[in-house]
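Data first, discussion second: the structure below is written as structure tokens.
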Amino acid sequence: MSIKEITVPDIGDFESVEITEILVSVGDQINVEDSLITVESDKASMEIPSSSAGVIKDIKVNVGDETSEGGVILIIEASTGSAEAVEIVEEPKTEVAKEPPLVEETAPVPVATSAPKSSPTANIDEVTFSKAYASPSVRKFARELGVDLGALSGTGRKNRILRDDVKSFVKTTLSAGIAPTTANNNNTFLSIAPMPVIDFSQFGAIETKPLSKINKLTGEFLHRSWLTVPHVTQFDEADITEMEAFRKQMGKEMEREGIKITPLAFIIQAVVASLKAFPRFNSSLDANGENLILKSYYNIGVAVDTPDGLVVPVIRDADKKSLVQISQEIREFALKARDKKLRPSDMQGGCFTISSLGGIGGTKFTPIVNTPEVAILGVSRSKMQPDWNGTEFLPRLMLPISLSYDHRVVDGADGARFTTHLGKMLSDIRRLLV
Ligand code: CAO
């Protein structure tokens with residue numbers, strides 16, 4: 001063992017550079033090529049590696065110091081076989097305790113149930129990560145811990161992200177019970193304790209049935225939307241007394257031609273009119289969440305219940321179709337869905353989804369936004385109700401509607417305006433012609 005000093009090597013054209021970061025501490029065991037400090041000139045930032053392996057006994061520089069080639073960075077007690085360092089006389093030094101570990105070894109670490117097991121960095125957004133202002137060693141450190149640098153703000157010079165910023169981010173997220181990969185992107189997930197494994201057969205007879213492919217796929221989509229979209233649901237009621245009277249009258253005429261018009265066809269037309277009045281509802285956020293993509297076409301998805309699970313075929317260009325055409329398409333899609341004959345293209349390109357449980361029952365429910373769409377309409381069973389008109393109660397057929405929307409795109413006031421507009425369209429369907 002010998003005491004050696006590590007100096008700044010040839011740093012090219014720079015005569016003097018500023019030390020912006022010290023990446024090691026007294027007591028650290030370092031290897032050849034380990035980064036020791038970060039230096040910055042007007043044009044570039046670089047890390048200075050160690051030329052020897054050993055234990056750091058003293059650090060001779062501070063953040064903010066100017067240094068140049070040959071400047072002493074630190075003193076090490078070199079491991080045997082370490083060559084290049086200069087031999088110096090040992091000074092008596094007080095040993096400084098090594099930095100405590102980031103997480104106490106005995107401390108329970110929250111389990112991120114959905115975190116990938118193989119790569120801790122799989123949830124890092126590479127675009128924001130690459131743009132983050134941090135040195136290579138901090139990047140490496142962040143990757144090792146699975147921290148998305150794009151989610152951090154740096155406390156260093158010019159907001160540079162320092163090793164300590166990464167550490168405190170991890171400490172904060174761990175103590176908050178959130179996985180360290182948490183970022184402001186679609187990969188955000190909560191750290192949730194795993195479900196206990198229970199042998200249900202100990203309580204009675206059971207049957208284990210595998211989920212269908214549709215169940216699994218739908219489950220993934222819904223889970224992602226539930227975790228990533230800030231949902232708000234606006235409830236309302238639409239007076240469909242006149243609409244139903246008209247539908248029944250039309251129904252009798254259409255029956256002869258084998259056509260059935262359900263309330264859903266009117267609702268689709270009223271939704272299209274409302275999307276035209278409130279274009280933000282006919283949009284999607286782009287992948288990085290910075291822009292809104294507004295659509296000038298009106299493709300309406302309709303949730304269809306099948307024995308294998310939920311599917312959402314899309315009625316394309318609903319704005320250009322009559323009530324009869326829309327009714328026929330719903331019927332065809334529902335039959336195809338139940339016969340497993342829908343093609344992938346039948347389920348693509350939707351702008352807005354309607355989930356109608358009106359044929360089944362229920363008073364209201366909170367549908368989950370079918371991302372990347374930004375809103376979904378839930379329709380429940382209509383019911384005759386007394387309505388006070390100022391002088392008397394009148395029986396009116398009221399349709400419960402629930403609009404769930406992505407609060408990043410739609411404000412609460414617009415949510416209420418949309419359902420109010422939709423209600424107006426449904427209560428006086430002549431307005432759909434205007
Ligand atoms: N209020 C009262 N009655 C209603 C109604 C409403 N809101 N909506 C439909 N009905 C009536 C219809 O008029 C029809 O009555 P008649 O047979 O007496 O004429 C009956 O209910 C059955 O309608 P339907 O459900 O067959 O037809 P639809 O056009 O309303 O819906 C479809 C078609 C494919 C959407 C529907 O069959 C379906 O699958 N619904 C389930 C969707 C679902 O699972 N959503 C949940 C997704 S999770 O968010």
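The first residue in the sequence is number 1, and the count goes up from there. Start at 1 and go down the list; that is how both ligands and their atoms are numbered.
For F221, the side chain to side chain contact (heavy atoms under 4.5 Å, CB included) partners at least two apart in sequence or on another chain are R224. Annotation: side chain to side chain contact (heavy atoms under 4.5 Å, CB included) contacts of E244 (sequence neighbours excluded): I240, R247, K248, P263, L397. With sequence neighbours excluded, the residues that form a side chain to side chain contact (heavy atoms under 4.5 Å, CB included) with S16 are E66.
Taking OG of S50 as the start and CG of L74 as the end, the distance is 6.5 Å to the nearest 0.5 Å.
Aromatic ring centres of Y405 and H231 lie farther apart than the 6.0 Å criterion allows.
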Y133/L149 under side-chain contact (heavy atoms from CB on, under 4.5 Å): CA gap, chis, key distance, verdict:
CA-CA 9 Å; Y133 182 33; L149 286 181; over 6 Å; no
So what's ligand 1 close to, N/O to N/O, under 3.5 Å?
unit_1, atom_1, unit_2, atom_2, d
ligand 1, 1 (N), S382, N, 2.9
ligand 1, 1 (N), S382, OG, 3.2
ligand 1, 7 (N), S380, O, 3.0
ligand 1, 17 (O), K260, NZ, 2.9
ligand 1, 19 (O), K260, NZ, 3.2
ligand 1, 29 (O), T262, OG1, 2.6
ligand 1, 37 (O), R338, NH2, 3.1
ligand 1, 39 (O), D305, N, 3.0
ligand 1, 39 (O), R338, NH2, 2.9
ligand 1, 40 (N), S356, O, 3.1
ligand 1, 45 (N), S355, OG, 2.9
ligand 1, 49 (O), S355, OG, 3.4

